[in-house]
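As structure tokens, the structure follows; a few thoughts come after it.
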2 protein chains.
Amino acid sequence: MATADPARPGFHLPLLLLAGFRTLIDDLHAELAREGHPELRPLHGFVLQAVGADGTTASELGQKLGISKQAAGKTVDRLVAVGYLERADDPSDARRRLVRVTPRGADGLRRSAEIFDRLRARWADTLGPDRVTALEDDLGTMASANWFRLDMPGWFGG
Amino acid sequence: MATADPARPGFHLPLLLLAGFRTLIDDLHAELAREGHPELRPLHGFVLQAVGADGTTASELGQKLGISKQAAGKTVDRLVAVGYLERADDPSDARRRLVRVTPRGADGLRRSAEIFDRLRARWADTLGPDRVTALEDDLGTMASANWFRLDMPGWFGG
DNA sequence: CTATTTCGTCAACCACGTTGACTACCTTAC
DNA sequence: GTAAGGTAGTCAACGTGGTTGACGAAATAG
């Protein structure tokens with residue numbers, strides 16, 4: 001493969017990280033689809049996670065995810081449409097529209113966590129538990145600068 | 001951060017991989033912009049790389065990147081518009097339109113490789129060269145299935 | 001010479017992001 | 001109590017990156 005050209009070692013690392021991420025994410029969603037959540041898309045897990053048990057609002061969500069409130073609102077729309085989130089009025093502030101995870105959303109979230117645990121175990125089986133931990137430690141050290149920003153336009157569109 | 005919740009260790013790994021990738025890619029493009037390539041988007045580097053020194057066609061490119069020929073064609077359009085790729089007729093086959101990297105494209109590619117080397121060196125400075133190598137080895141082992149596919153819809157859209 | 005395949009493109013569509021403008025509402029200050 | 005200002009949510013237009021389906025032109029197979 002061109003990008004794995006040994007003459008350009010610098011290209012290895014980003015591609016490996018991307019491929020590793022993709023492998024995990026693809027496996028997760030294949031399993032999630034098998035377990036009754038075929039509509040759940042890769043971004044959705046992060047969004048559900050960010051909404052959390054206490055609920056939130058579109059603006060807050062946008063801030064948490066590093067995207068605009070409009071983009072967050074649209075994503076909520078989609079997740080509401082497939083039944084993973086619901087909106088409710090905030091009695092204490094008529095401007096706000098509370099966003100909450102539905103039972104179905106909670107189920108998807110729970111299964112995601114379980115599946116990720118199993119996938120991590122598979123990595124541990126292949127590499128050894130210590131190396132997976134070391135990998136996580138090292139990545140944690142290096143990645144701490146850009147933490148948990150999902151605003152895709154940084155690398156893709158927009 | 002919610003997704004880094006220690007109670008859900010399974011969420012660590014994918015997020016770390018994503019964050020690591022993002023950090024690298026963001027740093028690359030910040031530096032690339034500084035060096036005279038502000039139009040270069042994260043995907044573009046992979047595409048230029050896939051076009052290669054010998055040139056290719058939209059269909060071939062699509063196959064290499066794991067996307068449709070139409071998507072590949074559109075991406076080529078954009079890269080032609082900003083001067084990184086050019087099209088030429090294939091004298092031996094009137095259906096084909098050769099896609100080639102321009103000198104400007106080659107410059108961007110060369111700089112990308114250099115910058116990635118420097119970024120990798122930074123990782124090596126922080127973690128130690130042996131751990132970076134180990135990280136690459138382990139990721140290579142785990143990620144070997146999904147190599148260099150850019151079809152975002154798998155995780156994002158459509 | 002005809003049938004099939006392949007290459008490139010067009011058109012419609014979807015997911016995901018952006019900015020700008022606007023309404024409705026809460027809050028603060030006078 | 002009202003005017004002013006900030007905040008929440010939505011609408012509209014747009015850009016990027018993907019998808020499928022349809023189609024003409026050119027190469028290839030029979």
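Chain letters run A, B, ... following the sequence lines, proteins first, then strands; residues in each count from 1.
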If you find the nucleotide of DNA chain D closest to A/Leu98 and the one closest to A/Lys74, which residue's nucleotide is nearer the 5' end?
A/Leu98
Touch check for A/Ala94, heavy atoms < 4.0 angstrom, all strands: base, sugar-phosphate only, or nothing?
sugar-phosphate
Atom-pair distance (CZ on B/Arg22; P on C/dG17), nearest Å:
11 Å
For a quick check, tell me whether the side chain of A/Lys69 and the base of D/dG9 share a donor-acceptor pair closer than 3.5 Å.
yes
In terms of side-chain geometry, is the basic nitrogen of B/Lys69 or B/Glu60 positioned less than 4.0 Å from the acidic oxygen of its partner?
no
Picking from D/dG9, D/dG18, C/dG8, which would you name as closest to the side chain of B/Leu43?
D/dG18
Determine the contact category for A/Thr57: base if any of its heavy atoms lies under 4.0 Å from a base atom, sugar-phosphate if only primed atoms, P, OP1 or OP2 are that close, otherwise nothing.
sugar-phosphate
Once you apply a heavy-atom cut-off of 4.0 Å, does A/Ala58 come out as touching a base, just sugar-phosphate, or nothing?
sugar-phosphate
One thing to verify: whether B/Asp27 and B/Arg122 come together as a salt bridge, which I'm taking to mean a side-chain N less than 4.0 angstrom from a carboxylate O.
yes
Determine whether a donor-acceptor pair (one donor, one acceptor, N or O, separation below 3.5 Å) exists between the side chain of A/Gln70 and the base of C/dG20.
yes
Measure the distance from CG on B/Leu40 to P on D/dT16 and round it to the nearest whole Å.
14 Å
I need the CZ-C1' distance between B/Phe46 and D/dG17, as an integer number of Å.
14 Å
Please verify the inter-ring angle class for B/Phe21 with B/Phe46; under 30° counts as parallel, over 60° as perpendicular, anything in between as tilted.
parallel
Below 4.0 Å: OP1/OP2 of C/dG8 and any side-chain N or O of B/Arg96:
no
Would you mind reading off the distance between B/Glu39 atom CD and D/dT16 atom P, rounded to a whole angstrom?
12 Å
Nearest heavy atom decides the nucleotide; on that basis, is B/Thr56 or A/Ser92 closer to the 5' end of DNA chain C?
B/Thr56
At less than 4.0 Å, is any side-chain N or O atom of A/Arg41 found next to OP1 or OP2 of D/dG18? Yes or no.
no
Nearest whole angstrom, please: distance from the C1' of C/dC7 to the CZ of B/Arg95.
6 Å
Other residues, nucleotides and ligands only: do more than 12 of their heavy atoms fall within 6.0 Å of CG on A/Asp130?
yes
Show the nearest heavy-atom pair for residues B/Leu32 and B/Gly108, with the distance to one decimal.
CD1-O, 4.2 Å
To the nearest angstrom, how far is B/Asp89 atom CG from C/dC7 atom P?
16 Å
Determine, for B/Asp107 against B/Arg104, whether the closest basic-nitrogen to carboxylate-oxygen distance falls under 4.0 angstrom.
no
Atom CG of A/Leu79 to atom C1' of C/dA15: distance rounded to whole Å?
12 Å
So, does B/Arg97 get its side chain near the phosphate of D/dA26, meaning an N or O under 4.0 Å from OP1 or OP2?
no
Out of D/dT10, D/dT20, D/dA27, which has the shortest distance to the side chain of B/Ser68?
D/dT20
Nearest-nucleotide comparison on DNA chain D, the residue closer to the 5′ end among B/Asp93 and B/Thr75
B/Thr75
What's the CD1-C1' distance between B/Ile67 and C/dT9, to the nearest Å?
15 Å
